[in-house]
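The next block holds one structure in the form of structure tokens; read it before the comments.
Convention: sequence-line order gives letters A, B, ...; per-chain numbering from 1.
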Protein chains: 2
Amino acid sequence: MTKLTTCCVQPAACCSLDISAEAQDRLVGMFKALGNPIRFEILKYLVTHPGCITGDLVDYLPIAQATVSQHLKVLREAGWITGSTEGPARCYCMNTEAIVWFRETVGRIL
Amino acid sequence: MTKLTTCCVQPAACCSLDISAEAQDRLVGMFKALGNPIRFEILKYLVTHPGCITGDLVDYLPIAQATVSQHLKVLREAGWITGSTEGPARCYCMNTEAIVWFRETVGRIL
DNA sequence: TCCTTCCATCGTATTTTTACGATGGAAAGT
DNA sequence: ACTTTCCATCGTAAAAATACGATGGAAGGA
């Protein structure tokens with residue numbers, strides 16, 4: 001291994017990189033899900049409009065309903081949001097626990 | 001706007017969502033770049049092997065040299081890492097400033 | 001100068017993502 | 001029971017990401 005340390009500082013002592021394979025998969029999935037402008041916009045919208053339904057997002061976003069649903073599914077599967085049935089509609093919220101976990105995990109390994 | 005707040009809690013007072021369009025683009029780009037298992041592995045490797053060269057990563061990762069270079073470019077353009085020429089080789093390091101910015105921004109808006 | 005090492009970029013094939021319209025299921029109102 | 005509303009899913013087209021081998025440029029050693 002060639003090691004050249006003249007070009008950058010050593011990592012801080014806090015960086016342990018102690019992460020299980022499962023946690024890493026989960027984390028990468030969360031990164032991937034938010035690495036899309038529309039999905040980021042959805043999460044932003046949910047911050048200011050907690051409990052809104054799919055139709056609200058369809059009205060707000062410049063894309064078709066089917067596409068919004070698809071993005072919501074990605075965010076749900078990545079754990080960023082939760083959806084619950086409210087009569088005929090579907091109510092979406094941020095998953096606060098997941099967000100806390102994300103922040104803590106990123107803070108721990110990076 | 002239909003608002004159903006029975007299904008989730010209100011957002012914390014800390015969540016301002018105050019982010020410029022440029023910052024949002026940068027943030028989404030950083031999310032996107034790390035939303036790939038290989039690139040996450042690269043960043044992890046750089047934490048424990050700061051200042052390593054491309055060849056080290058090529059030896060470590062199960063993919064071709066051209067692909068490693070491509071991933072390094074993505075991480076560089078997203079701001080996660082910096083590369084400097086060290087003779088014929090190329091030395092890579094995490095971009096500490098960018099990581100701090102990422103952590104702070106995520107903490108502020110989510 | 002010539003050769004070797006190191007690695008970024010090009011061209012391209014394959015896979016994945018993103019987007020849409022169409023369809024249908026579930027729930028509420030008539 | 002019928003209709004309407006709401007939205008997830010299906011099928012598919014287009015765009016983007018990912019992977020590879022091949023090529024060539026830049027730097028150092030022989």
Return the value, rounded to whole Å, for the distance between atom CD of B:E86 and atom C1' of D:dA26. 15 Å
Of the nucleotides D:dC20, C:dT18, C:dC7, which one has an atom closest to the side chain of B:A66? D:dC20
What is the separation between atom CG on B:L61 and atom C1' on D:dT18, rounded to the nearest whole Å? 14 Å
Select base, sugar-phosphate, or nothing to describe what A:T54 touches, counting heavy atoms under 4.0 Å on all strands. sugar-phosphate
With a 3.5 Å distance limit and no angle check, can you tell me whether A:D59 reaches the backbone of A:D56 through a side-chain donor-acceptor pair? no
Without decimals, in angstroms, what is the distance between A:Q70 CD and D:dA15 C1'? 14 Å
Separation of D:dA13 P from A:I63 CD1 (nearest whole Å): 21 Å
Is there a donor-acceptor pair under 3.5 Å between the side chain of B:N95 and the backbone N or O of B:G79? yes
Rounded to whole angstrom units, what separation is found between the CG atom of B:L75 and the P atom of D:dT18? 11 Å
Distance test, side-chain N/O of B:R39 to OP1/OP2 of D:dA17, below 4.0 Å: no
Applying a 4.0 Å non-hydrogen cut-off, can you work out what B:A64 is touching in the nucleic acid: base, sugar-phosphate, or nothing? sugar-phosphate
Whole Å only: how far is the CG atom of A:L34 from the C1' atom of C:dT18? 16 Å
Of the options C:dA28, C:dA19, C:dA22, whose atoms approach the side-chain atoms of A:P88 most closely? C:dA28
Output the rounded distance in Å from CD1 (A:I38) to C1' (D:dA15). 15 Å
Would you say A:Y45 ends up clustered with A:V74 if hydrophobic residues are merged whenever their side chains have heavy atoms under 4.5 Å apart, either directly or through other cluster members? no
On DNA chain C, check which nucleotide each of A:T85 and A:N36 is closest to and give me the residue with the more 5' one. A:N36
According to a strict under-4.0 Å criterion, is A:H71 in side-chain N/O contact with OP1 or OP2 of C:dT17? no
If you check the B:K32 side chain, which of C:dG21, D:dA19, D:dA17 turns out closest? D:dA17
Ignoring hydrogens and geometry beyond distance, is the side chain of A:Q65 in donor-acceptor contact with the base of D:dA8 at under 3.5 Å? yes
Would you say the ring centers of A:F31 and A:F40 fall short of 6.0 Å from each other? no
From the candidates C:dG21, D:dA19, D:dA8, the one with an atom nearest any side-chain atom of A:L72 is D:dA8
Can you tell me the distance, in whole Å, between the CG atom of A:D56 and the P atom of D:dT5? 16 Å
Verify the contact: side-chain N or O of B:T67 to OP1 or OP2 of D:dC20, cut-off strictly under 4.0 Å; return yes or no. yes
Heavy atoms of A:R103 and B:L110 approach each other most closely as NH1-O, 2.6 Å
Which of the following nucleotides, D:dA19, C:dA8, C:dT9, is nearest to the side chain of B:R90? C:dA8
Of the listed nucleotides C:dC7, C:dA8, D:dC7, the one nearest the side chain of B:Y92: C:dA8
Set of side-chain hydrogen bond (donor to acceptor under 3.5 Å, both in side chains) partners for A:R26, sequence neighbours left out: none
